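Take a look at the structure below.
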Number of protein chains: 2
Amino acid sequence: MRLSTTSEYAIRSLVYMASCGPELCSVKHLSEKLDIPYKYLGRLMATLGNAGLISSTRGKNGGYTIDKPLSTIRLLDIVQIVDGLDNFDRCLLGFPECNDDDPCPMHDFWKEHNEGITEMITNVSLAEILASKSKKF
Amino acid sequence: MRLSTTSEYAIRSLVYMASCGPELCSVKHLSEKLDIPYKYLGRLMATLGNAGLISSTRGKNGGYTIDKPLSTIRLLDIVQIVDGLDNFDRCLLGFPECNDDDPCPMHDFWKEHNEGITEMITNVSLAEILASKSKKF
DNA sequence: TACATATTCCACCCTGAGGTAGGAATTATG
DNA sequence: CATAATTCCTACCTCAGGGTGGAATATGTA
């Protein structure tokens with residue numbers, strides 16, 4: 001019942017970048033601010049860049065920036081790029097066919113939570129997350 | 001947002017055993033009925049036995065049986081034995097200190113789902129699961 | 001040129017899932 | 001009673017994938 005470490009890194013990095021506005025964030029800066037391994041974060045940011053979620057600038061004073069409206073970047077998009085969506089909207093016992101008509105033994109107990117989480121990651125965007133009162137990244 | 005494969009195996013096996021009543025279930029029988037790798041299931045059942053959740057009988061016509069009231073075996077107990085509880089009641093972004101007073105950026109969005117799931121696995125027992133109308137194991 | 005930064009390739013460690021090989025206990029059967 | 005069959009049990013081995021670090025390369029700025 002958790003995200004992968006990589007997804008955690010990605011979300012935290014993007015939330016921090018969003019909080020910094022349009023200015024460039026280098027991997028080194030992000031790594032130090034968020035206490036994320038530098039090399040690993042470098043590759044993760046490249047992945048997010050290749051997916052079109054962020055854009056990069058090389059050379060001195062380079063870095064990454066978010067060049068899309070924050071409300072268009074949903075949690076779902078981030079997780080999908082990093083980990084895929086196989087672990088979401090999934091039968092708790094792993095049955096490929098599990099629904100109201102042909103439920104697994106856990107279906108009735110799992111359904112509401114599964115749907116709630118799926119709805120949450122689908123609808124929550126960086127804009128909503130930034131509006132929270134958190135002091136952490 | 002899923003259980004480990006091993007936890008899935010454990011729950012499915014115990015639900016099936018519960019549905020069989022007090023009679024012995026061999027690993028071979030369970031493996032074939034539930035389509036779970038034989039050797040892997042053997043070790044898993046031994047683990048559940050060592051933890052006291054089920055009891056074993058060796059020799060011909062031997063197997064495993066549940067000798068406790070089904071209402072006393074909670075989903076939490078099963079998952080705890082197999083995987084531990086580190087992945088439950090956990091901050092979505094991995095912060096060790098995350099609560100209403102010092103929340104992470106995702107806290108407000110994750111809290112209700114986290115609490116709901118924790119409450120579900122804590123309160124649902126094999127007795128309730130057996131009462132469901134599922135035809136799968 | 002010198003430096004800072006992104007980007008890519010390779011090697012490593014740990015864990016989960018699964019397999020191989022045998023030992024220990026109990027029962028069926030000649 | 002003796003032996004074979006069945007079953008639990010335990011110790012290692014393999015393999016893939018996630019997370020990590022080192023090193024080298026590409027690309028831009030001062």
Side-chain angles (χ1 to χ4, degrees), chain A residues 1-13 17 23-67 79-84 86-87 93-94, chain B residues 1-13 17 20 23-67 79-87 93-94:
Chain A
M1 298 306 146
R2 58 160 294 187
L3 298 172
S4 70
T5 303
T6 313
S7 279
E8 292 176 4
Y9 289 166
I11 295 169
R12 290 173 54 205
S13 298
M17 288 173 66
E23 54 188 276
L24 289 177
C25 285
S26 73
V27 174
K28 178 176 166 60
H29 176 73
L30 286 171
S31 165
E32 291 171 352
K33 274 289 183 185
L34 305 181
D35 194 26
I36 297 174
Y38 173 68
K39 289 295 181 180
Y40 196 68
L41 183 57
R43 258 167 312 182
L44 172 55
M45 299 299 285
T47 300
L48 296 176
N50 290 334
L53 215 58
I54 53 181
S55 60
S56 66
T57 303
R58 287 161 110 141
K60 200 176 178 74
N61 298 324
Y64 288 93
T65 188
I66 303 177
D67 50 4
V79 175
Q80 184 169 29
I81 292 168
V82 173
D83 281 329
D86 290 351
N87 292 343
L93 296 182
Chain B
M1 301 308 144
R2 56 160 296 186
L3 298 172
S4 70
T5 303
T6 314
S7 278
E8 292 177 1
Y9 289 167
I11 296 170
R12 289 174 55 204
S13 298
M17 288 173 64
C20 289
E23 55 187 275
L24 290 176
C25 284
S26 72
V27 174
K28 178 174 165 59
H29 176 74
L30 286 170
S31 166
E32 291 171 351
K33 274 288 184 185
L34 305 181
D35 194 27
I36 298 174
Y38 173 67
K39 289 295 181 182
Y40 196 69
L41 184 58
R43 248 172 324 186
L44 172 55
M45 298 300 285
T47 300
L48 296 176
N50 291 334
L53 214 60
I54 54 181
S55 61
S56 65
T57 303
R58 291 212 229 197
K60 205 171 174 75
N61 297 325
Y64 287 93
T65 188
I66 304 177
D67 51 4
V79 176
Q80 184 170 28
I81 292 169
V82 173
D83 281 329
L85 297 180
D86 289 352
N87 292 343
L93 296 182

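Letters A, B, ... mirror the listed sequences (proteins, then strands); counts begin at 1. The figures that follow rest on heavy atoms only: side chains count, while hydrogens, waters and symmetry mates do not. Keep in mind it's a predicted model, so treat the numbers as computed, not measured.
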Whole angstrom value for the distance that separates [atom2] of [N] from [atom1] of [X]:
| X | N | atom1 | atom2 | value |
| --- | --- | --- | --- | --- |
| B:L3 | C:dA17 | CG | C1' | 16 Å |
| A:D35 | D:dG19 | CG | P | 16 Å |
| A:E32 | C:dT5 | CD | P | 10 Å |
| B:N87 | C:dG16 | CG | P | 10 Å |
| A:L41 | D:dG18 | CG | P | 18 Å |
| B:L24 | C:dT26 | CG | P | 13 Å |
| A:R43 | D:dG18 | CZ | P | 12 Å |
| B:Y38 | C:dG18 | OH | P | 16 Å |

field: Whether B:N50 side chain and B:A46 backbone form a donor-acceptor pair below 3.5 Å
entry: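 Yes; judged by distance alone, with no hydrogens or angles, the pair exists.
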- prompt: Has the side chain of A:R12 got a donor or acceptor atom that lies under 3.5 Å from a matching backbone atom of B:L93?
  reply: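 Here the side-chain-to-backbone pair does not exist.
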task: For A:K60 and for A:G42, locate the closest nucleotide of DNA chain C by heavy-atom distance; then report the residue assigned to the nucleotide nearer the 5' terminus.
output: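 First, find each residue's nearest nucleotide; the 5'-ward one identifies A:K60.
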task: Using only heavy-atom distances, determine whether the side chains of A:Y40 and A:S31 contain a donor-acceptor pair under 3.5 Å.
output: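 Absent: no donor and acceptor within the cut-off.
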message: Please check if the number of heavy atoms outside A:D35 that lie under 6.0 Å from its CG is greater than 12.
response: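 Count not over threshold, so no.
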Counting only side-chain nitrogens and oxygens, does [X] get under 4.0 Å of the OP1 or OP2 atom of [N]?
| X | N | result |
| --- | --- | --- |
| B:Y64 | D:dC9 | yes |
| B:Y40 | D:dT14 | no |
| B:T6 | C:dA17 | yes |
| B:S4 | C:dG16 | no |
| B:N61 | C:dT26 | no |
| B:S56 | D:dC9 | yes |
| A:S26 | C:dT5 | no |

State which of [options] makes the closest approach to the side chain of [X].
| X | options | value |
| --- | --- | --- |
| B:K39 | D:dG21, C:dT20, C:dA28 | C:dT20 |
| B:P37 | D:dC8, C:dG19, D:dT20 | C:dG19 |
| B:R58 | C:dT5, D:dT10, C:dT26 | C:dT26 |

field: Within-4.5 Å side-chain heavy-atom neighbours: B:I54 and B:D67
entry: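 Not touching, per the 4.5 Å side-chain cut-off.
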message: Within the 4.5 Å heavy-atom criterion, are A:E23 and A:M17 side-chain neighbours or not?
response: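 They are not in side-chain contact.
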- request: Assign B:G63 to base, sugar-phosphate, or nothing according to its heavy-atom contacts below 4.0 angstrom with the strands shown.
  value: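 Since only primed, P, OP1 and OP2 atoms lie under 4.0 Å of B:G63, the category is sugar-phosphate.
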- prompt: Where each residue is assigned the nucleotide of DNA chain D containing its nearest heavy atom, which of B:T57 and A:R2 is assigned the position nearer the 5′ end?
  reply: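 This one resolves to B:T57.
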